[in-house]
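Heads up: numbering here begins at 1 and tracks the sequence.
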Amino acid sequence: MKKIIAVLSVLMLTSFAVFAQSDLQVLAVVKLTKNESITLKQLKTRCEAYEKQMGGRTLTVDEKKQVLDTLIEERLIVQAAAKDGISIPDSYVDQYFAQYMSQTLGVSVTEKDLDELFKKQGRSLDDVLIEQTGMNKAEYKNQLKNTLLMQQYVVQKNQAEIQKVAATDDEIRMAYESNKSSFVWNDMIKMLLVIVPKGNNPDAAKQKTVDFLSKYKSKALTAEQIAVQSQAENSGFQAGVGLFPKTEAAAAGIGMSLQNLMFVFNQSEGYTSDVEETSEDFRFLSVIKKYDAKMLAIGDLVQPETTVTVYDYIRSSLTQQKQQIYVNNAANTVAKELHTAENVDMKKTGAALDKLLEWGK
């Protein structure tokens, strides 16, 4: 009996080794400036990410070949960018990642905020990214860095042509007419918010908040001056003057319930609250100006107290879209020019490649 178990164990280990060895098979070697292998495992990881984004549909063999071409061409452009001395600092990648996650969640967050948010849910940021993209944080950031490298390389190569791409007046007016109902102001309020964290000395934090409130009410300090002081190193408090829409996301962003934000909206301009205490800080706010919701004409400002009109906003947005399309097309052209037998050594082709790509069937 022990002998049979031993034999089965050997067979299982052998099967696992064969499976692992298969996943590590090299499909292609990119060698523009250095040798970089693309393995079956790397292709599977990218394909799984695409399949998640498509709702779980399994890619066909031909689609997997297209993904393989994409991986090859990405490596080619990244190597070409490095050859030209183009680099992207990790700090920029981290910043871009945080901005992307903030846009996704609809509220400004740092990477630390994300870690703490998901930890409270019993998950990690890695868990969430793997669930959504098939990649953990390190893999996702690496792909993001390569994407930014490729974009910068292509933009640098085509800068003069890209700058010539712009939205026309007809395109701008047509975009406005076809999306007129989306150009609106929500009810908004311009507000000063002062927050003093309790830290290790709640009494001192409360007194500091009271002092700022007193100086603000007596006009010894303006809202803008308080906001500027908060930016000083080790100021010990947060303050800002901003526009807030009447939404739950806006309320959550400043640590307030929607009910409390609605109460503020019902106050008149000039209303200033007393010092209020939360579990973590002392705070007060002041209503500086209120703006009612309205439909926007093409010449109206996109947001109060700015200089950008709806026309300007559409022109900028359409121009960016057209330039991005140009960059994408230019990237495809560059990739095809680099994708030669001299720069890429295909290790698997024809029927042998097709057989390896039949996983998931």
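No side-chain heavy atom of I298 sits less than 4.5 Å from a side-chain heavy atom of T309. When side chains are defined from C-beta on, L43 counts as touching L357, because their heavy atoms get closer than 4.5 Å. In this structure, E276 and M256 have side chains that are not in contact, with every pair of non-hydrogen atoms separated by 4.5 Å or more. Q25 places a side-chain heavy atom less than 4.5 Å from the side chain of L356. Side-chain contact between S124 and F118 is absent, with no heavy-atom pair separated by less than 4.5 Å. Looking at I288 and V241, their side chains come closer than 4.5 Å, going by heavy atoms from C-beta outward. Side-chain contact check for V344 versus V29: every heavy-atom pair is 4.5 Å or farther apart.
We find the CD-OH distance between Q66 and Y50 to be 10.5 Å, quoted to the nearest 0.5 Å. Between atom CD1 of residue I88 and atom CG of residue N146 there is a gap of 10.0 Å, rounded to the nearest 0.5 Å. Atom CG of D354 is separated from atom NZ of K64 by 10.5 Å, given to the nearest 0.5 angstrom. Atom CD1 of I38 is separated from atom CZ of R75 by 4.5 Å, given to the nearest 0.5 angstrom. The CG atom of L24 lies 7.5 Å from the NZ atom of K41; values are rounded to the nearest 0.5 Å. Atoms OG1 and CG, from T39 and L71 in turn, are 9.0 Å apart once rounded to the nearest 0.5 Å.
A salt bridge (charged side-chain N to carboxylate O under 4.0 Å, His left out) check over residues 126-147, counting only residues at least two apart or in different chains, returns the pairs D90-K145, D94-K141, E111-K137, E111-K141, R123-E131. A side chain to side chain donor-acceptor pair (under 3.5 Å) check over residues 27-36, counting only residues at least two apart or in different chains, returns the pairs T33-Q79, E36-Q79. Applying the side chain to side chain donor-acceptor pair (under 3.5 Å) definition to pairs two or more places apart or across chains, those involving residues 184-201 are D187-K246, K190-E305, K198-E277.
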For F183 and Y176, run ring pair (Phe, Tyr, Trp, His ring centres under 6.0 Å): C-alpha distance rounded to whole Å, both residues' side-chain angles, the deciding distance at 0.1 Å, then the answer. CA-CA 8 Å; F183 292 106; Y176 171 75; 5.7 Å; yes
Report task. Run the numbers on E73 and L338 for side chain to side chain contact (heavy atoms under 4.5 Å, CB included), then give the verdict. Result -> CA-CA 8 Å; E73 290 167 2; L338 294 173; over 6 Å; no
Worked check of side chain to side chain contact (heavy atoms under 4.5 Å, CB included) between V210 and F282: CA-CA 9 Å; V210 170; F282 292 96; over 6 Å; no
Item checked: Candidate pair S182 and N179, rule side-chain hydrogen bond (donor to acceptor under 3.5 Å, both in side chains), full reasoning -> CA-CA 6 Å; S182 65; N179 296 279; 4.8 Å; no
**Asked** Which is it for T58 and E51 under the side chain to side chain contact (heavy atoms under 4.5 Å, CB included) test, yes or no, and what are the steps along the way?
**Response** CA-CA 6 Å; T58 301; E51 287 170 348; 3.8 Å; yes
Margin query: Evaluate Q324 against I162 for side chain to side chain contact (heavy atoms under 4.5 Å, CB included), listing each step before the verdict.
Written below: CA-CA 9 Å; Q324 188 60 58; I162 292 170; over 6 Å; no
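The ring of F212 has its center no closer than 6.0 angstrom to the ring center of F284.
Of the possible polar contacts, none joining the D345 side chain to the A341 backbone as a donor-acceptor pair under 3.5 Å is found. In terms of modelled atom types and a separation under 3.5 Å, the side chain of N136 and the main chain of A138 share a donor-acceptor contact. Judged by distance alone, the side chain of Q231 and the main-chain N or O of V228 form no donor-acceptor pair under 3.5 Å. Side-chain N or O atoms of T306 include none that pairs as donor or acceptor with a backbone N or O of V302 at under 3.5 Å. No donor-acceptor pair under 3.5 Å is formed between the side chain of S317 and the backbone N or O of Y313. The backbone N or O of Y96 lies less than 3.5 Å from no partner atom in the side chain of Q99, so there is not a single donor-acceptor pair.
Using a cutoff of 4.0 Å between basic side-chain nitrogens and carboxylate oxygens, D292 and K290 are not scored as salt-bridged. One finds no salt bridge joining K119 and E116 here, because no Lys/Arg side-chain nitrogen approaches an Asp/Glu carboxylate oxygen to under 4.0 Å. Ion pairing of D312 with R315 is present here, as a side-chain N (NZ or NE/NH1/NH2) and a carboxylate O approach within less than 4.0 Å.
Hydrophobic clustering of Ile, Leu, Val, Met, Phe, Trp and Tyr side chains at less than 4.5 Å, counting indirect connections, unites L353 with V61. Following chains of ILVMFWY side-chain contacts shorter than 4.5 Å, one cannot reach V155 starting from I325, and the two form parts of different hydrophobic clusters. Hydrophobic clustering of Ile, Leu, Val, Met, Phe, Trp and Tyr side chains at less than 4.5 Å, counting indirect connections, keeps Y291 apart from I254. Residue V264 is not grouped with residue V194 when hydrophobic side chains (ILVMFWY) are merged at heavy-atom distances under 4.5 angstrom, including chains of intermediate members. Note on M191: it does not cluster hydrophobically with L258, by side-chain heavy-atom contacts below 4.5 Å among ILVMFWY residues.
Here the shortest heavy-atom pairing between P197 and G236 reads CD-O, 3.5 Å. Taking each heavy atom of L149 and S87 in turn, the nearest pair found is CD2-CA, 3.8 Å. For the residue pair E171 and A167, the shortest heavy atom distance occurs at OE1-CA, 3.4 Å. When every heavy atom of L261 is checked against every heavy atom of T247, the shortest pair comes out as CD2-O, 3.7 Å. Nearest approach of M295 to D300, heavy atoms of both residues: O-OD2, 4.1 Å. When all heavy atoms of L76 and A335 are compared, the closest pair comes out as CD1-O, 4.4 Å.
A side-chain N or O of T110 and one of D113 form a donor-acceptor pair less than 3.5 Å apart. Side-chain atoms of T272 and Y216 form no donor-acceptor pair, as typed in the model, at a separation below 3.5 Å. Judged by distance alone, the side chains of D211 and Q207 do bring a donor and an acceptor atom under 3.5 Å apart.
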